[in-house]
Amino acid sequence: MIASTDASQGADKTAGCAGFQVHLDVFEGPFDLLLALISKHKLDITEVALSQVTDEFIGYISERADGWDLDQVSYFLVVAATLLDLKAARLLPSGEVEDEEDLALLEARDLLFARLLQYRAYKEVAAIFAARMAAAARRFPRRVPLEPCFAQLLPEVLLGLGPAEFARLAALTLMPKAPPKVSTEHIHTPAISVSEQARKLVGMLRECGRASFRQLTADAAGSYEIVASFLALLDLYADDAVSFDQVTALGELYVTWTGQTGNVERPTESDD
Amino acid sequence: MDSESGSADARTGSGAASAAGTGAGAGADAGTEAEAPGLRASLEAILLVADEPVPTVVLAQVLERPSSEVAAELAGMAAGYAAEGRGFDLREVAGGWRFYTREDCAPVVERFVTDGQEVRLTQAALETLAVVAYRQPVSRARVSAVRGVNCDGVLRTLVLRGLVADAGTDAETGAILYRTTSYFLERLGLPSLDDLPDLAPFLPADIEDIADENARP
Amino acid sequence: MDSESGSADARTGSGAASAAGTGAGAGADAGTEAEAPGLRASLEAILLVADEPVPTVVLAQVLERPSSEVAAELAGMAAGYAAEGRGFDLREVAGGWRFYTREDCAPVVERFVTDGQEVRLTQAALETLAVVAYRQPVSRARVSAVRGVNCDGVLRTLVLRGLVADAGTDAETGAILYRTTSYFLERLGLPSLDDLPDLAPFLPADIEDIADENARP
């Protein structure tokens, strides 16, 4: 491979990028996290112990959901939902895959794994990029102003940027470098806790037994609250307190209360 | 020392012969010989003033020599510098030739140079760059789909940092497409995109186009 | 080509003679110690990236060698380049050493310099220009502080290209101040500095910091 020699020389500088690190804070996307969970258990990606990884994945989301931006959370939800489906499929007695739903689950699994494999490939070449960049940075190009006698002969300079792009670049360059990260952004976002949402949902569902997700979130103050509701439902689902049905893909999602009638405490949640 | 240039240029030799005494500037006034410097000297002079990689064809044009001859001379010069253990090195990067310091001189040069050190990129930036590099021209949505996370902000910054550029719009969807720049190649020290490491070994067959079908809008 | 070894510097000659085989060997004392580049290679590397004449004492300091040894090596190198008929030339000018193009290569270099189309600025130059444009009049130190790297060389290039000019000295510190020129406005397509877009709308909201905080200085 092209970078093999360079990689070893640049290794000290790129160690942070080279391998997975199971510091949970470093994950940027769901694929990142999934891969890390999978590699943490030293599992072949195609033979994942789904239930275990699913549980950890969901656990991680519920811990951190309030600290992410909406985009990230939605992606996480897509992956979480897929994983949940897969976990459900795995619980099916084997040999019963005539059902169309089962087939769909298998397809979803293949798709998820295919994407993960693809992402892993890019992650690996990204590590090669980092090593190559580190090696290239050890060779300094000649970048010296022309001798004055030639400089006056130079043709026009091409900026290659319009005023707006130039301003954007200036803003980026002038932006104070971020201090070592202690993000406090999440403190200022409206505090919607998943457990609070769960309590609310349990109340509503106990009353009506079955409702569409749309109905359940009709009075949500913002998308953040909807996301929190969805996360809460995933938790409730994991605890066998609700079931889902959805007749068509992307169609209305119905939630049915299947839990006890007693007071439900959500033991895994911490208010944050 | 002539060995590396294949002695293509007899004039260089005679210039050398007359140089003995004086030191600086000795080549200029080498009385009897013709005026024009040889191919190797000309290339060295041009590359000394270039502040970005110079394509072989440009050098060939300026010197009015066949590209193949220039290419052979450049390769010979690079080999010669290496063999002589020079502190500089001639490298083909981003479609052109440029003088670099030799890698094992890095500690010394770093002690001397205080500017121009390039920032190291975050993991997110590297991954985004990797996707763009291998799938270019590529839309934001596809990059995001491959990485499983929204990449708009990272892409915009990569554009501003000169590593990625706009590559027009998709004929069908109208989405803006992105490609890598020659500065990207310089940062990686690669002659061209063809020299990117092969992605295939990292990827099981038939996986390659997953993200395309499922790219979210 | 062996004729040049009759010149002032025996070391260059012997280096040349031994060049064929080893690689790093040719420098001053490279023979036995494998890793460190020799004195000649180190000097070549440093001078390749130096954008102003470098005084012998500075080189001696960086390399931790006696000035006299460094001075002798530099003189030897200069003589060697001349003897070999290189396209570059090592000259002592204004109290320091710098690589220049050899005089008899000037016509070729001129053709190269004038031959190109418009010259694109490097990323570092653009960023430096942006800082000057929005903070003018501004001192070198300030520009370097904002960019987090030493910008002296880049600033010199911008001055040379006529995009940035001297704007007097700071009353307090005596530091030279810089401003953008009317040529800069022309190249950006703006009638006056007042027409530079406000920064506020561009302050990064959706831009991500792609630089690794843990990067080396």
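Chain A is the first sequence line, chain B the second, and so forth, proteins listed ahead of strands; every chain is numbered from 1.
Scanning both residues, C/V109 and B/I46, for their nearest heavy atoms gives CG2-N, 4.3 Å. Minimum heavy-atom separation, C/G85 to B/A41: O-CB, 3.4 Å. Taking every heavy atom of both residues into account, C/R86 and B/E84 meet most closely at NH2-OE1, 3.3 Å.
For B/L158, the parts sitting under 4.5 Å from any heavy atom of chain C are the backbone and the side chain alike. Interface remark: C/A50 contributes backbone and side-chain atoms alike to the contact with chain B (heavy atom separation under 4.5 Å). For chain B, no part of C/Q61 is nearby; none of its heavy atoms comes within less than 4.5 Å. Residue contact with chain C, scored on non-hydrogen atoms closer than 4.5 Å, involves the side chain of B/L48 exclusively.
The aromatic rings of C/F88 and B/Y81 sit tilted, their planes meeting at an angle between 30° and 60°.
B/R179 CZ: more than 12 foreign heavy atoms inside a 6.0 Å radius.
With rounding to the nearest 0.5 Å, the separation of CG in B/L47 from CZ in C/F112 is 7.5 Å. Note that CD of B/E52 and CG of C/L121 are 10.0 Å apart. Values are rounded to the nearest 0.5 Å. Atom CZ of B/R111 is separated from atom CD of C/E64 by 5.5 Å, given to the nearest 0.5 angstrom.
Checked by atom type and distance alone, the side chain of C/E44 never pairs as donor or acceptor with a backbone atom of B/T101 at under 3.5 Å.
Counting heavy-atom pairs under 4.5 Å between each of B/A125, B/S42, B/A45 and chain C puts B/A45 at the top.
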